[in-house]
Every structure is written in C-alpha cells, then in structure tokens.
Amino acid sequence: MVIVQDYVYWSLIEQLVIEHDFSILALSTDETEILLQPATNKNFSVLRLRRVDIDWGNSLAKDIQMAGEKFQQIMQTGAKGPLSVFNLYISSLPPVDDFPVEFVEGYTSGTKKRVTITSLLVTSEDQEHKLIELGEALNVSIHQLEKNAQENVTIDHINEIKNRVIRQQQEIREEEKKMFQNGKPFFTYIFLAFQIVMFLVLELYGGSENTETLVHFGAKFNPYIYEGEWWRLITPIFLHIGFFHLLMNSFALYYIGPAVERAFGSLKFLLIYMIAGIGGSVASFAFSTSVSAGASGAIFGCFGALLYLGLHNRRVFFRTMGSNLLVIIGINLALGFVIPNIDNAGHIGGLIGGFLAAVIVQLPQEKKWLYRIIGLLAVIGLFLGAYQLGLNVTEEEFPQLTAKKAQVLIANEEYEDAYMYLQNYLDKGQTSNDILFLLSYVEIQLEKQDQAIEHLEEIILSDETFHEAHYNLALLYERKGEAELAKKQIAQALKYDPTNQSYQAFEASLTD
C-alpha cells in the first residue's frame with residue numbers, strides 16, 4: 001500500500017511538472033514534501049504536495065498550521081502577498097477520527113500579507129474522484145493513473161519517475177540560463193551614460209525643462225520636422241525633461257536593458273533600442289503636437305522585445321518574468337492615459353517598434369527569414385504611415401504649433417523672422433489670442449507700437465480676462481504719454497491677477 005501511494009505521489013508530480021509546466025520551488029531532503037509553482041494558472045500561488053500517512057486528524061491540523069507558519073515567515077522576508085496555497089496530501093488511508101476544521105474550512109494566517117491554505121486528501125479508496133477534484137481546483141487536466149501500473153509498481157519504477165522529473169527541471173534551468181547568456185550589457189550602459197551626460201549638457205545650457213533649450217538640442221518639435229529636420233525623430237531618445245524624468249527612465253533602462261541585451265546579444269539590442277526609440281518618436285509626431293523627449297519609447301521597445309521572447313518560449317518567459325512584465329506594461333500604459341503630459345503615443349509606438357525589431361533581428365540561432373522580411377515590411381509601413389499622418393496635421397488645425405515655433409524664434413531674438421511667420425499665419429485667415437499676443441510682443445520689439453496696440457485691443461475684446469494683454473497695453477499707452485488709458489489698463493490687469501508684483505509696481509509708478 002505504501003509503495004503504491006509513493007507511486008501516486010511521484011506520478012502526480014510528473015504530470016504537473018512535465019505536462020503542465022509547474023516548476024519545482026523546493027523539495028525536502030526526505031522527498032516527502034515538494035512545493036510547485038504554476039506557470040500561468042493563478043488559482044493558487046503554490047501547490048504543496050505532502051506524502052504522509054495520516055493516523056489522526058490532530059496530526060493533520062498540526063501539519064497545516066506548521067505549513068502556514070512557514071509560508072508566513074516567507075512573506076515576512078519581503079515576498080509579495082497574499083499567498084494562496086493548495087495543500088495536497090497523498091495518504092494510504094484517511095485519519096481514523098474526524099477531519100480537523102483547518103482541513104475542512106481552510107486555514108488563514110496573517111492580515112496584510114495573508115496566507116490561505118486549501119487542503120485535499122487523496123487516498124487509495126477515493127483516488128479516482130479526488131484526482132478529478134484536484135484537476136478542477138488547479139484548472140488543469142489530471143489523467144487517471146492506471147490501476148495495472150499501481151498494482152505492479154516497484155521501487156525502480158518510482159525512481160525512474162523521479163529521475164525524469166529532476167532531469168526535466170535541470171534542462172529547464174539550463175535553458176533559462178542560456179536564454180540570457182547571449183551577450184553582456186555593453187550598449188545598455190553606453191546609452192545610460194550618454195543620456196546622463198546629455199542631461200547635464202541641457203542643464204548647463206538653459207535647463208532640461210526649458211523648451212528653447214530642448215528644441216535647440218534636438219527634442220521632437222513638429223514644426224521643424226515639417227521643414228525637413230527628420231533627425232529629430234532620433235535625437236529625442238537621448239534627452240530628458242527634468243531630473244525625475246531622467247531618474248525614472250534611467251532606473252528602467254538599468255533593470256530591463258541588461259535582460260534584453262543578454263537575451264538577444266549586444267548588436268541586436270542596439271538595433272532593437274534604436275528602432276523602438278524612433279518608433280516612439282514617429283508615433284508621438286503623428287499623435288501629439290507637444291515638444292517631447294526621452295528614452296521611454298526605447299524602453300517600452302525593450303518590453304516589446306521581451307514579449308517576442310515570450311512568444312518564442314512561453315515556458316521560460318512565464319517562469320522568469322512573464323506575468324510581472326505584463327503587469328508592468330499594463331500599469332505604465334494605464335498611467336499614460338490617466339496622468340496628463342505623458343506621451344502615451346510614444347510609449348505605444350516604442351512597444352510596437354521593439355516587438356517588430358525583435359521579429360527582424362530574432363534570437364541567436366533563429367533564422368526565420370520570412371518572419372524577418374514580414375517584420376521589416378511592417379516596420380517600414382507603420383513608420384512611414386505614422387510619419388505621413390504627422391505631416392498631414394496642419395498648423396491651421398493646431399495653432400499651438402505656430403505658437404511654439406514663434407516662441408523659439410523669439411527666444412533666439414529672431415524678431416523679423418517671427419513677425420513674418422506669425423503674420424503669414426494670420427494672412428491665411430486663422431487667428432487665436434495666443435498668436436495675436438505673440439505677434440504684439442514681436443511688434444513691440446520691432447517698434448511697431450500702433451500695430452501692437454491694435455492686436456492687444458483685439459485680444460481683450462474677445463477675452464477680457466487676458467491680463468497680460470492689459471499689462472502690455474498699459475505699457476504702450478504710458479510710452480505714448482496717455483497716462484489715463486495706461487491706468488485703466490493696469491487696473492484691469494490687476495483685477496484678473498491682483499497679486500502680480502510687476503503689475504503692482506507699474507501701477508505705483510503711474511501714481512507717483
């Protein structure tokens with residue numbers, strides 16, 4: 001009887017490990033207890049199999065409590081919770097007395113990091129229907145064990161099963177190691193160092209959050225791309241807007257980059273990173289008019305490359321990082337839709353670009369040329385399509401594009417060019433208060449004061465609350481010696497921005 005239940009115990013382990021991709025977490029020295037982890041099924045976090053002959057219900061209760069304490073200790077070392085354990089006992093006979101409450105109703109310990117244990121006992125008397133119950137609980141297909149095999153089982157048969165299980169696990173471990181031994185993280189650290197250096201350069205030349213500085217050093221700026229500066233789809237990969245942006249992307253690259261570079265090799269990683277980064281920039285160009293920069297698209301491309309790895313070898317993928325990676329991608333994309341000023345188009349473009357780049361370069365030893373051709377055509381088609389879509393967005397549809405380019409010209413003190421650019425926009429029959437205000441500022445710099453007054457008055461007619469227009473009007477009237485009109489306009493400016501110190505000082509100067 002004992003040897004038969006040993007056979008049942010190891011046969012179940014063999015089915016779960018070899019047929020259903022459960023991985024062995026731990027095996028006791030006497031081999032009577034084993035912890036298994038499912039590859040994708042999340043009904044339970046851990047499956048605990050225990051080969052023990054139960055005499056009394058009390059011993060069963062103690063074993064469940066002991067297991068709960070052990071798992072609780074694991075949780076306290078930093079493991080994520082809650083932890084759901086399926087506790088399977090293989091016994092010759094059931095206990096001679098009643099089953100304890102811990103077995104019947106389940107066992108729970110802890111509060112925040114809770115451990116729950118659900119138990120099932122399989123004996124020789126009820127093996128058939130208990131195996132069906134086990135399969136339903138684990139959401140896997142457990143086939144019945146042949147009665148003839150159980151009747152004729154020997155120690156050698158059991159040892160053969162053990163050896164198959166252990167050998168298969170060793171092969172998986174070797175496969176996992178080889179999967180991430182195809183290169184060293186050389187380019188990862190090159191990119192990391194370069195983006196830090198470029199951040200310091202931006203800070204020295206005006207600040208990494210200064211729009212003019214970002215545009216000067218190559219940030220994605222749609223109006224300049226319209227004029228043929230296509231390289232602005234590449235340079236944004238190495239620029240970051242603010243220290244927090246650099247910090248987050250540097251941490252992400254530091255942790256995710258080495259895994260991709262080790263899996264694909266350094267040269268293939270270089271191609272994946274750059275194609276994904278360009279994909280993010282092209283998608284941003286197509287769907288966002290904002291000035292943008294950052295390695296986010298390239299980093300999402302690394303996620304895409306790992307998703308390709310998952311398709312290539314689902315078993316290794318889900319054993320190592322699969323589920324966690326999917327959660328990280330989902331959270332980051334969700335945050336991009338919820339939090340303003342996050343360029344989610346760039347993230348999605350990078351994710352797709354990285355996946356397609358992985359299809360093109362493929363893993364070492366892969367030579368699927370048809371897939372490479374398909375991936376290359378898909379990259380070219382999607383990138384050209386997104387680029388053309390961005391080119392079709394006119395400045396008339398998005399006047400902020402005109403405003404941003406004009407601001408750059410003004411920051412560079414190119415007032416004549418700014419004037420012609422803004423006047424050309426108005427000549428097309430388009431208008432907005434922001435454009436008019438920028439034009440009035442340029443006109444002031446060019447000593448076209450009457451035109452500036454005309455445009456500022458046009459602004460406040462449509463928007464009385466535009467206090468900057470009131471203030472500039474006050475300055476112009478004061479220059480022309482029309483003190484009463486200046487007082488009236490500065491009073492209006494203070495009405496809508498009463499704490500502005502510049503307005504207060506100017507009003508005080510008019511009353512002196």
Side-chain angles (χ1 to χ4, degrees), residues 5-52 54 60 63-64 66-75 77 79-91 103 106-107 109 113-123 127 130-145 158-177 313-324:
Q5 294 309 99
D6 289 344
Y7 172 78
V8 172
Y9 172 73
W10 278 104
S11 293
L12 285 176
I13 293 173
E14 181 182 31
Q15 283 194 56
L16 294 167
V17 169
I18 295 179
E19 297 180 20
H20 300 295
D21 289 335
F22 279 63
S23 56
I24 298 175
L25 296 177
L27 177 64
S28 65
T29 54
D30 62 1
E31 299 182 345
T32 61
E33 180 180 353
I34 190 169
L35 301 182
L36 303 179
Q37 182 180 34
T40 55
N41 172 39
K42 292 301 178 184
N43 288 358
F44 294 93
S45 310
V46 176
L47 171 61
R48 176 181 183 248
L49 281 83
R50 185 89 161 86
R51 170 66 187 99
V52 59
I54 306 296
L60 196 59
D63 184 77
I64 294 173
M66 180 192 68
E69 290 172 3
K70 286 183 179 179
F71 285 117
Q72 193 64 51
Q73 289 173 2
I74 293 173
M75 299 290 288
T77 61
K80 294 180 181 179
L83 188 64
S84 178
V85 180
F86 192 88
N87 205 29
L88 179 65
Y89 294 100
I90 309 297
S91 177
F103 182 92
Y107 175 85
S109 68
K113 292 191 172 182
R114 188 174 59 180
V115 175
T116 59
I117 299 178
T118 303
S119 298
L120 180 69
L121 176 69
V122 177
T123 68
Q127 177 182 303
K130 284 298 177 68
L131 291 185
I132 294 173
E133 188 177 340
L134 173 65
E136 292 174 350
L138 300 180
N139 195 27
V140 296
S141 177
I142 302 292
H143 58 73
Q144 297 293 330
L145 305 179
I158 296 173
N159 286 332
E160 286 177 8
I161 297 173
K162 287 183 189 178
N163 291 334
R164 281 199 297 269
V165 170
I166 293 171
R167 186 168 54 250
Q168 194 262 5
Q169 283 293 289
Q170 289 174 339
E171 290 173 357
I172 288 175
R173 297 291 180 257
E174 288 300 317
E175 188 179 3
E176 290 174 0
K177 288 180 182 179
N313 194 327
R314 292 184 72 247
R315 183 173 60 190
V316 173
F317 178 71
F318 282 105
R319 284 187 195 278
T320 53
M321 65 183 73
S323 299
N324 290 333

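In this structure a side-chain-to-backbone donor-acceptor pair under 3.5 Å is missing from His20 to Pro38. Judged by distance alone, with hydrogens and angles left aside, the side-chain atoms of Gln37 form no donor-acceptor pair with the main-chain N or O of Leu25 at under 3.5 Å.
Two residues are said to be in side-chain contact when any heavy atoms from C-beta on lie closer than 4.5 Å; Leu12 and Ile90 meet this criterion. Using a 4.5 Å heavy-atom cutoff, the side chains of Thr116 and Thr118 are not in contact. A 4.5 Å side-chain heavy-atom check between Thr123 and Ile54 finds every atom pair outside the cut-off. You'll find the side chain of Glu31 reaches within 4.5 Å of the side chain of Trp10, heavy atoms only. Using a 4.5 Å heavy-atom threshold, the side chains of Phe22 and Gln169 count as separate. Taking 4.5 Å as the limit, every side-chain heavy atom of Val85 sits out of range of all side-chain heavy atoms of Tyr107. Counting only heavy atoms from C-beta outward, the side chains of Tyr7 and Ile161 approach each other to under 4.5 Å. Using a 4.5 Å cut-off on side-chain heavy atoms (C-beta onward), Val140 and Ile142 make contact.
Summarising the geometry of Phe71 relative to Arg48, their closest heavy-atom pair is CE1-CD, 4.3 Å, with the distance given to 0.1 Å. Residues Arg164 and Ile18 come closest through the heavy atom pair O-CD1, 4.1 Å. Closest non-hydrogen pair, Ile117 versus Ile64, comes out as CD1-O, 3.8 Å.
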side-chain contact (heavy atoms from CB on, under 4.5 Å) between Ile158 and Tyr9, worked out: CA-CA 9 Å; Ile158 296 173; Tyr9 172 73; over 6 Å; no
Check against side-chain contact (heavy atoms from CB on, under 4.5 Å), Ser91 and Gln5: CA-CA 6 Å; Ser91 177; Gln5 294 309 99; 5.7 Å; no
Worked check of side-chain contact (heavy atoms from CB on, under 4.5 Å) between Asn159 and Lys162: CA-CA 5 Å; Asn159 286 332; Lys162 287 183 189 178; 3.9 Å; yes
Val52/Asp63 under side-chain contact (heavy atoms from CB on, under 4.5 Å): CA gap, chis, key distance, verdict: CA-CA 10 Å; Val52 59; Asp63 184 77; 5.9 Å; no
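Atom CG of Leu88 and atom CD1 of Ile34 lie 11.5 Å apart (nearest 0.5 Å). Note that CZ of Arg51 is 11.0 Å distant from CD1 of Ile13, once rounded to the nearest 0.5 Å. Annotation: the span from Leu83 atom CG to Ser109 atom OG amounts to 9.0 Å, rounded to 0.5 Å. For the atom pair OG (Ser84) and CG (Leu47), the distance works out to 10.5 Å, reported to the nearest 0.5 Å. Atom CG in Asn87 sits 9.5 Å away from atom CG in Leu120 (nearest 0.5 Å). Atoms CD and CZ, on Gln170 and Arg167 in that order, are 8.5 Å from each other to the nearest 0.5 Å.
Partners of Asp30 according to the side-chain hydrogen bond (donor to acceptor under 3.5 Å, both in side chains) rule, which considers only residues two or more places apart in sequence or in another chain, are Ser28, Thr32. With sequence neighbours left out, the ring-ring contact (aromatic ring centres under 6.0 Å, His included) criterion links Phe86 to Phe44. Residues satisfying the ring-ring contact (aromatic ring centres under 6.0 Å, His included) criterion with Phe103, sequence neighbours excluded, are Phe99.
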